[in-house]
Amino acid sequence: MKIKSLFFLFLCGCIMGTLLDALHVAVGIAYYTHPFFMGQAWWVPLIFGAATLLIGVSHYKLHPMPGSPPTAFLGSFVFFVLSYLITATLPMLSQINAFILFIFYLISWGLFDRTLVSIVLALITAIIGCTVESSLGWIGQYHYTTPDFFGIPFWLPALYLNASATGGFLGRLFLSRKS
């Protein structure tokens with residue numbers, strides 16, 4: 001793997017993740033105990049960059065999907081952004097938002113992937129991501145205003161399913177390039 005590709009994958013995570021997270025902070029769904037910029041802690045871009053790098057590399061190595069088109073990334077990215085928008089703007093029950101985000105993942109999976117490996121990777125991503133966020137809350141760095149269990153909202157695991165699809169396709173896109 002080329003360092004340049006890894007760097008761009010990390011940078012995409014820093015930028016996209018931080019901007020999407022800023023939406024949650026702006027509408028008051030979540031807050032950081034020690035905000036630095038845009039209501040977020042200084043380490044937020046680093047954690048999103050690292051997460052995107054881990055998702056992208058793991059998906060590329062464990063489930064390479066040679067020849068997957070850039071449209072697979074773009075399509076999954078649309079569902080990922082819609083997931084953030086729904087959780088930030090629709091004042092519904094957390095369980096309803098979780099159901100909608102889960103449907104988004106299933107549609108994305110059905111359109112662009114349809115493999116069992118990606119479901120397993122998405123579940124692992126959701127478990128790790130939710131554990132990290134719950135731990136950040138437990139140590140007092142980050143909180144959701146209306147958590148449902150272990151300091152996180154019920155819809156968060158489904159958001160991570162969509163993050164897994166998007167990060168996986170982004171990783172395959174960057175890491176499979178020859179130049």
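What you see is a predicted model, and the numbers here were worked out from it, not measured in a lab. Atom set for the values below is all heavy atoms of this structure, side chains included, hydrogens, waters and symmetry mates excluded.
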Considering residues at least two apart in sequence or located in another chain, which fulfil the side-chain hydrogen bond (donor to acceptor under 3.5 Å, both in side chains) criterion with S94?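 Expected list: D148.
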side-chain hydrogen bond (donor to acceptor under 3.5 Å, both in side chains) with S176: which residues, sequence neighbours excluded?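 Per chain and number, S176 pairs via side-chain hydrogen bond (donor to acceptor under 3.5 Å, both in side chains) with no residue.
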Output side-chain donor-acceptor pairs under 3.5 Å for residues 164-171, partner residues at least two apart or in another chain, one line each.
unit_1 : atom_1 : unit_2 : atom_2 : d
S164   : OG     : H59    : NE2    : 2.9
S164   : OG     : T125   : OG1    : 3.4
T166   : OG1    : S76    : O      : 3.0
T166   : OG1    : N162   : O      : 3.2

To the nearest 0.5 Å, tell me how far [X] [atom1] sits from [Y] [atom2].
| X | Y | atom1 | atom2 | result |
| --- | --- | --- | --- | --- |
| Y84 | L23 | OH | CG | 9.0 Å |
| I119 | H63 | CD1 | NE2 | 9.5 Å |
| L53 | C12 | CG | SG | 11.0 Å |
| M65 | Y60 | CE | OH | 13.5 Å |
| F73 | S68 | CZ | OG | 11.5 Å |
| I15 | T52 | CD1 | OG1 | 10.5 Å |

Can you name the nearest heavy-atom pair linking [X] to [Y], along with the distance?
| X | Y | answer |
| --- | --- | --- |
| P64 | R172 | O-CD, 3.1 Å |
| L85 | T89 | O-OG1, 2.5 Å |
| G56 | L9 | CA-CD2, 3.9 Å |
| P157 | A126 | O-CB, 3.6 Å |
| S5 | L175 | CB-CD2, 3.8 Å |
| C130 | I152 | CB-CD1, 3.7 Å |

Side chain proximity check, [X] to [Y], heavy atoms < 4.5 angstrom:
| X | Y | value |
| --- | --- | --- |
| K2 | F7 | no |
| H34 | Y142 | no |
| L161 | W109 | no |
| M16 | F48 | no |
| V132 | I47 | yes |

Look at the side-chain heavy atoms of Ile, Leu, Val, Met, Phe, Trp and Tyr, link any pair under 4.5 Å apart, and say whether [X] and [Y] land in one connected group.
| X | Y | result |
| --- | --- | --- |
| I139 | W42 | yes |
| F150 | I127 | no |
| L54 | I128 | no |
| L11 | I55 | no |

Evaluate side chain to side chain contact (heavy atoms under 4.5 Å, CB included) for K4 paired with F174, printing each intermediate quantity in order. CA-CA 9 Å; K4 185 170 135 181; F174 279 136; over 6 Å; no
Is there a donor-acceptor pair under 3.5 Å between the side chain of S108 and the backbone N or O of F79? no
Kindly say whether G140 contributes a backbone atom to a donor-acceptor pair with the side chain of T33 at under 3.5 angstrom? yes
Return the set of residues passing ring pair (Phe, Tyr, Trp, His ring centres under 6.0 Å) with Y31 (not counting sequence neighbours), or none when no residue passes.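 Here the qualifying residues are H143.
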If the condition is ring pair (Phe, Tyr, Trp, His ring centres under 6.0 Å), which residues does F112 pass it with, not counting sequence neighbours? none
What residues, two or more places apart in sequence or in another chain, satisfy side chain to side chain contact (heavy atoms under 4.5 Å, CB included) together with [X]?
| X | result |
| --- | --- |
| C14 | F10, P45 |
| V78 | L82 |
| S135 | T131 |
| F37 | none |

Using 30° and 60° as the class limits, which term best fits the ring planes of F80 and F77: parallel, tilted or perpendicular?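 Tilted: the ring planes of F80 and F77 meet at 30° to 60°.
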Please output the side-chain donor-acceptor pairs of residues 96-105 that fall under 3.5 Å, not counting sequence neighbours, one pair per line with the distance.
none

Members other than V117 in its cluster, when Ile, Leu, Val, Met, Phe, Trp, Tyr link by side-chain heavy atoms under 4.5 Å?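 Joined to V117, directly or through intermediates: L62, L121.
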Please say whether more than 12 non-hydrogen atoms of neighbouring residues, nucleotides or ligands are located less than 6.0 Å from CZ in F36.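 Atom CZ in F36 is not packed in, count stays at 12 or less.
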Side chain to side chain donor-acceptor pair (under 3.5 Å) contacts in which one or both residues fall within residues 7-25, not counting sequence neighbours: D21-Y32, D21-Q40, H24-T87
